[in-house]
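Note sheet for the following structure.
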Amino acid sequence: MIEGGTVDVLIPLGLDQAYSYAVPPGLALAPGDVVQVPLGPRETVGVVWAVGAGRGGNLKKVTGKYDMPPLDPALRKLVDWVAWYTLAPKGSVLALALRRQPDDTPERPKLGVRLAGPPPGRMTPARARAIAAAEGGLLIAKSALAEAASVSAAVIDSLVDAGTFIVEPMPREAIAALPDPDHAVPELSEGQGEVAQALVAAVQARAFSVALLEGVTGSGKTEVYFEAVAEAIRQGRQSLILMPEIALTAQFIDRFEARFGVRPGLWHSAVTGRRRERLQAAIASGEAKVVAGARSALFLPYKDLGLVVVDEEHESAYKQEDGVSYHARDMAVVRGRIENAPVVLASATPSLETRVNAERGRYTHLKLPERFGGRELPTLGLVDLRRDKPERGRWLSGALVKAIETNIEAKEQSLLFLNRRGYAPLTLCRDCGHRFQCPNCTAWLVDHRFRRALVCHHCGHVERRPQECPACHKPESLMACGPGVERLAEEVATLFPQARSIVLSSDFPGGTERLKTELMAVAEGEFDIVIGTQLVAKGHNFPGMTLVGVVDADLGLTSGDPRAAERTFQALRQVTGRAGRGEKPGRALLQTHDPEHPVLKALVSGDPERFYAAEEASREAAGLPPFGRLAALIVSANGQAEAESHARALARCAEAGDGIAVLGPAEAPLAVLRGRHRMRLIVRTTREVNLQDYLRAWLKRGPKPKGSVRVAVDVDPQSFL
DNA sequence: AGCACGCCGACT
DNA sequence: GTCGGCGTGCTC
């Protein structure tokens with residue numbers, strides 16, 4: 001505590017340094033306190049980062065202190081570490097941890113309406129919809145009712161005036177009920193029990209450790225790590241379960257509730273306003289024992305974190321690339337270390353870097369080899385499209401069609417996986433060969449029949465699909481090339497007119513909400529055939545699904561991305577794992593033109609080790625460093641001031657013997673990258689298009705004398721801990 | 001993040 | 001001749 005001295009205040013903006021301010025007499029400040037300070041012409045919120053170390057001179061004064069819990073030392077350390085590691089300005093990282101807006105306005109009880117009076121004198125369609133939606137006399141939030149009845153709030157208000165609805169305060173929903181670790185203890189198999197025991201022991205040790213929990217889809221990973229969560233609850237400590245946003249579904253919440261009797265504290269982008277604030281307060285006070293959240297939950301102010309779980313560890317959604325660029329899985333490991341808490345990384349298809357860490361003994365490797373309840377893994381088979389060739393304009397082989405038929409007869413569900421949105425990935429003119437290309441990128445425009453448009457999946461460019469060729473003006477000459485899910489749906493409708501089918505893709509008309517509803521409908525067996533892109537592979541349990549058909553298993557294996565094979569393997573393993581999770585055994589058929597491809601052979605063998613071995617071998621053959629020794633750089637032109645720290649970061653990478661990946665955008669002096677440290681440039685990116693071209697252009701442009709390099713390290717924080 | 005300064009294209 | 005585009009820099 002200091003009175004009348006100076007403090008260094010970090011402001012949650014793109015500033016790398018804390019600014020010094022004078023502390024006015026009568027104000028006592030300690031590190032972590034949230035304060036208001038003048039910055040330029042305005043007042044801003046900031047956090048006291050240090051006390052008494054300020055430079056002298058004419059300092060502005062701290063204007064005030066917010067009445068909110070200070071950022072504890074662990075969280076401040078995390079901010080410092082992440083800023084150091086990602087080379088983002090400290091203030092930008094602080095902004096991630098300080099997303100709460102200090103708010104002094106008193107909390108007003110939320111008001112709901114209830115159907116209680118006679119119908120209004122004048123009935124209108126909108127009013128009728130609102131009344132119908134409020135049927136049953138339940139208390140509903142006004143906004144929710146307006147949404148459900150698709151009427152404006154004014155309609156509800158008029159019905160309140162008419163006396164049809166009455167207004168009542170909504171009961172305050174419990175934001176963080178206490179989970180009961182013994183609510184419904186599951187019966188675990190011997191293998192599961194052992195793994196669960198290892199995780200429980202890690203929680204009991206109250207020390208930092210990292211475990212990779214690997215288990216096939218349906219092996220009970222969730223049940224097993226729930227035992228570790230239960231142990232943390234028994235100790236009265238908090239648990240964080242990180243998951244990709246998409247996986248935070250009703251299904252997960254139901255499973256949690258079945259195990260612990262209450263819902264977990266849910267943290268994701270859709271949780272807003274007062275609810276967000278209350279959850280944050282409950283986390284800071286330690287009242288919220290379990291938080292299930294998307295990557296931003298990493299920066300919440302836990303009071304006593306006893307366990308961190310990263311579910312679906314390999315998911316690329318953990319990677320944030322805009323603003324502060326970080327990998328939430330890696331930062332979760334760092335947070336575990338700072339909090340001295342165990343970390344569990346769970347996946348059916350671990351990422352290569354995590355496997356490397358496990359192999360080297362940095363992480364314990366726990367495996368769940370079997371499916372839960374003795375259920376068998378689906379049998380996988382390849383369909384050689386060179387022999388079993390669909391007719392022109394068709395994409396389903398005889399073998400797959402037959403399998404679907406059998407499934408329909410048996411009243412079982414089938415899933416057709418094709419990771420391509422839209423109708424056709426390419427449109428060309430039969431006459432002159434003109435191909436529709438994006439004006440901004442070099443990608444082909446994807447035909448979206450449903451939207452009657454040509455869309456660039458890379459940059460979002462949209463244009464109308466013309467009637468005639470824009471080059472030779474021949475009418476009726478345009479031809480769709482290749483399949484997308486919409487086109488596949490057409491084929492399915494022709495082949496199986498009696499079947500109930502649905503297309504599920506991320507651009508589903510009606511948005512995420514309707515998509516969730518439809519996923520539930522699929523789980524309840526309301527469709528015979530599901531045609532879906534990547535998203536059907538993730539986190540959903542379809543008990544009636546006994547057949548998975550992969551329409552094009554070669555898709556993704558040929559791209560220039562160094563992680564293409566890994567991602568394809570993961571996606572195919574996950575999607576084929578959708579089969580046979582219910583009572584009946586499942587099978588999967590993968591259509592391919594290259595049945596000898598090592599990735600597919602490894603997949604069919606059911607032994608993931610074969611894939612990883614093949615992958616390491618191919619990396620070696622390509623002259624790339626082994627995984628785990630690969631750092632990534634994010635390079636951009638920036639002010640001179642930062643050049644030095646960036647050069648230091650580069651040197652750090654070089655000392656560690658890491659490869660360097662350029663993620664761009666870049667105007668940076670290549671000399672810094674090559675000349676001083678003699679490093680090999682490796683491209684590693686999630687950007688799918690044109691990276692080679694981009695890099696070539698970048699190299700051609702050559703070193704520029706002006707500007708500095710901005711660098712961020714990615715992938716393997718352990719080597720820098 | 002805001003806000004100012006500054007340097008090149010199309011307008012009354 | 002100016003209005004305004006957003007690139008770059010600064011805020012204790």
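Chain identifiers are assigned alphabetically (A, B, ...) following the order of the sequence lines, protein sequences preceding nucleic acid strands; residue numbering begins at 1 within each chain.
Side-chain proximity of A:Arg42 to B:dC3, B:dA1, C:dC12: nearest is B:dA1. Listed nucleotides: C:dC12, B:dC3, B:dA1. Nearest to the side chain of A:Leu13: B:dA1.
A:Gln36 has its CD atom 15 Å from the C1' atom of B:dA1, to the nearest Å. Going from atom NZ of A:Lys90 over to atom P of C:dT11 covers 18 Å, rounded to whole Å. Between A:Leu96 atom CG and B:dA1 atom P there is a gap of 11 Å when expressed in whole angstrom units. For A:Glu43 and C:dT11, the CD to C1' distance is 13 Å, given to the nearest whole Å. As rounded to whole Å, 7 Å separates atom C1' of C:dT11 from atom NZ of A:Lys60. As rounded to whole Å, 13 Å separates atom P of C:dC12 from atom CD of A:Gln17. In this structure, the CG atom of A:Asn58 is 11 Å from the C1' atom of C:dC12, given to the nearest Å. In this structure, the CG atom of A:Leu59 is 10 Å from the P atom of C:dC12, given to the nearest Å.
Under the rule for a salt bridge (charged side-chain N to carboxylate O under 4.0 Å, His left out), the partners of A:Arg421 that lie at least two apart in sequence or sit in another chain are A:Asp507. Residues satisfying the salt bridge (charged side-chain N to carboxylate O under 4.0 Å, His left out) test with A:Arg263, not counting sequence neighbours, are none.
Within the 4.0 angstrom heavy-atom criterion, base atoms lie near A:Leu15. Residue A:Pro38 is classed as a sugar-phosphate contact, given heavy-atom separations below 4.0 Å to backbone atoms only.
Counting only N and O atoms by type, the side chains of A:Ser316 and A:Arg567 include no donor and acceptor under 3.5 Å apart.
Classified by interplanar angle (parallel below 30°, tilted 30° to 60°, perpendicular above 60°), the ring pair A:His448/A:His457 is perpendicular.
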